[in-house]
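We count ligands from 1, going down the list as the structure has it; atoms in each ligand are counted the same way. Only a predicted model underlies this, so the values are computations on that prediction, with no experimental measurement involved. Keep in mind that the numbers below use all heavy atoms, side chains included, and drop hydrogens, waters and symmetry copies.
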Amino acid sequence: MWSNKLKGLLIVVSAPSGTGKTTLCHMLLKEIPTLEFSVSYTTRPPREGEVDGRDYHFVTKEQFERMIEEGDFLEWANVYGNLYGTSKSQVLKALEEGRDILLDIDTQGALQVKKNFPEAVLIFILPPSLEELERRLRKRGTDPEEVIERRLKTAREELKKALCYDYLVVNDELEKAFDQLKGIITAEKLKSERLEGQLNRLVKDPKVVELVEEG
Ligand code: 5GP
């Protein structure tokens with residue numbers, strides 16, 4: 001288990017595909033400029049428009065396996081036959097420097113992170129219903145029938161793990177879900193243990209109250 005003295009906030013977001021997780025994560029990153037995205041490593045080939053180093057670090061299976069052996073990952077998982085992993089050094093460095101970091105990872109990875117790093121804030125985004133999820137997946141029109149079926153089957157499995165998360169957000173209306181996500185992050189940043197340093201200074205100097213208010 002890693003140190004709990006890290007200053008930044010580690011936020012982990014998971015959701016079944018088609019729930020709107022990517023959109024919500026982009027909205028959060030735009031809204032909170034100090035929030036950093038953890039760029040994962042993957043063996044899956046880039047999709048059109050994806051940029052190496054921005055969306056993912058695209059690597060070969062051999063490179064990925066070498067990184068596993070060298071202990072470079074905070075977590076890693078096999079998702080739909082491709083390997084995905086989070087760089088331990090990138091995340092720990094950000095947290096040590098007091099930067100907040102956002103991980104968009106699957107449930108297997110999220111639970112590994114929570115096990116090793118209990119202060120991580122795990123947020124699961126739920127579809128309003130499985131019928132609605134199916135409707136959204138079909139509406140996207142990007143996947144053949146068997147892929148849609150597989151995604152729905154995986155979604156049912158992932159939903160079973162939702163209760164291991166700290167927060168559940170239903171993406172019924174995008175703006176409402178976005179507000180709830182922002183609310184979670186704000187509340188987490190205001191936890192007394194995170195503000196202990198400021199509080200100690202306040203006890204010594206009443207002027208420091210301004211610092212607490214500014215967060
Ligand atoms: P996609 O290939 O569609 O970008 O991602 C497929 C799934 O892999 C998504 O659920 C995404 O959250 C997850 N994923 C992306 N990066 C990582 C990672 O570093 N670790 C794990 N465990 N899952 C990841």
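At a heavy-atom cutoff of 4.0 Å, ligand 1 is contacted by the side chain of Arg47 but not by its backbone. With a 4.0 Å cut-off on non-hydrogen atoms, Gln108 does not touch ligand 1 at all. Contacts with ligand 1 closer than 4.0 Å are made by heavy atoms of both the backbone and the side chain of Thr86. Counting heavy atoms closer than 4.0 Å to ligand 1, residue Tyr41 contributes nothing at all.
Sorted by first and then second residue, the pairs that involve residues 63-82 and meet salt bridge (Lys or Arg N to Asp or Glu O under 4.0 Å), not counting sequence neighbours, are Lys61-Glu65.
Taking the charged nitrogens against the carboxylate oxygens, Arg47 and Asp55 have no contact shorter than 4.0 Å, which rules out a salt bridge. We find that Glu134 and Arg151 are not joined by a salt bridge, their nearest charged nitrogen and carboxylate oxygen being 4.0 Å or further apart. Ion pairing of Glu131 with Arg135 is absent here, as no side-chain N (NZ or NE/NH1/NH2) approaches a carboxylate O to less than 4.0 Å. For Asp179 and Lys176, the salt-bridge test fails: no basic side-chain N is under 4.0 Å from an acidic carboxylate O. Glu193 and Lys191 are not joined by a salt bridge, as no carboxylate oxygen comes within less than 4.0 angstrom of a charged side-chain nitrogen.
In terms of protein heavy atoms, atom 9 (C) of ligand 1 is closest to Lys21 NZ, 3.6 Å. Of all protein heavy atoms, the one closest to atom 4 (O) of ligand 1 is Tyr56 OH, 2.5 Å. In terms of protein heavy-atom proximity, atom 2 (O) of ligand 1 is closest to Tyr84 OH, 2.4 Å. When hydrogens are left out, the protein atom nearest atom 19 (O) of ligand 1 is Ser40 OG, 2.7 Å; that is the closest non-hydrogen contact. Atom 23 (N) of ligand 1 has its closest protein heavy atom at Asp106 N, 3.1 Å.
Heavy-atom proximity to Gly109, at under 4.0 Å, picks out these atoms of ligand 1: 22 (N). In the vicinity of Ala77, heavy-atom distances shorter than 4.0 Å reach the ligand 1 atoms 22 (N).
At under 3.5 Å, a nitrogen or oxygen of Arg44, whether backbone or side chain, sits near a nitrogen or oxygen of ligand 1. Checked against a 3.5 angstrom limit, the closest N/O atoms of Glu75 and ligand 1 fall inside it. In terms of polar-atom proximity, Glu50 is not counted as a contact of ligand 1, lacking any N or O under 3.5 Å from an N or O of the ligand.
Of the candidates Leu74, Val13, Ile105, Val39, Ile105 brings a heavy atom nearest to atom 21 (C) of ligand 1. Taking only non-hydrogen atoms, the option from Asp104, Val79, Thr42 nearest to atom 14 (N) of ligand 1 is Asp104.
Between Phe73 and Phe64, the ring center distance clears the sub-6.0 Å criterion.
For the pair Lys115 and Phe117, the cation does not sit on the ring face, since its NZ or CZ is not both under 6.0 Å from the ring centre and inside 45° of the axis.
No donor-acceptor pair closer than 3.5 Å links the side chain of Asn171 to the backbone N or O of Leu126. A donor-acceptor pair is defined here as one N or O able to donate and one able to accept, closer than 3.5 Å; no such pair exists between the side chain of Thr43 and the backbone of Asn82.
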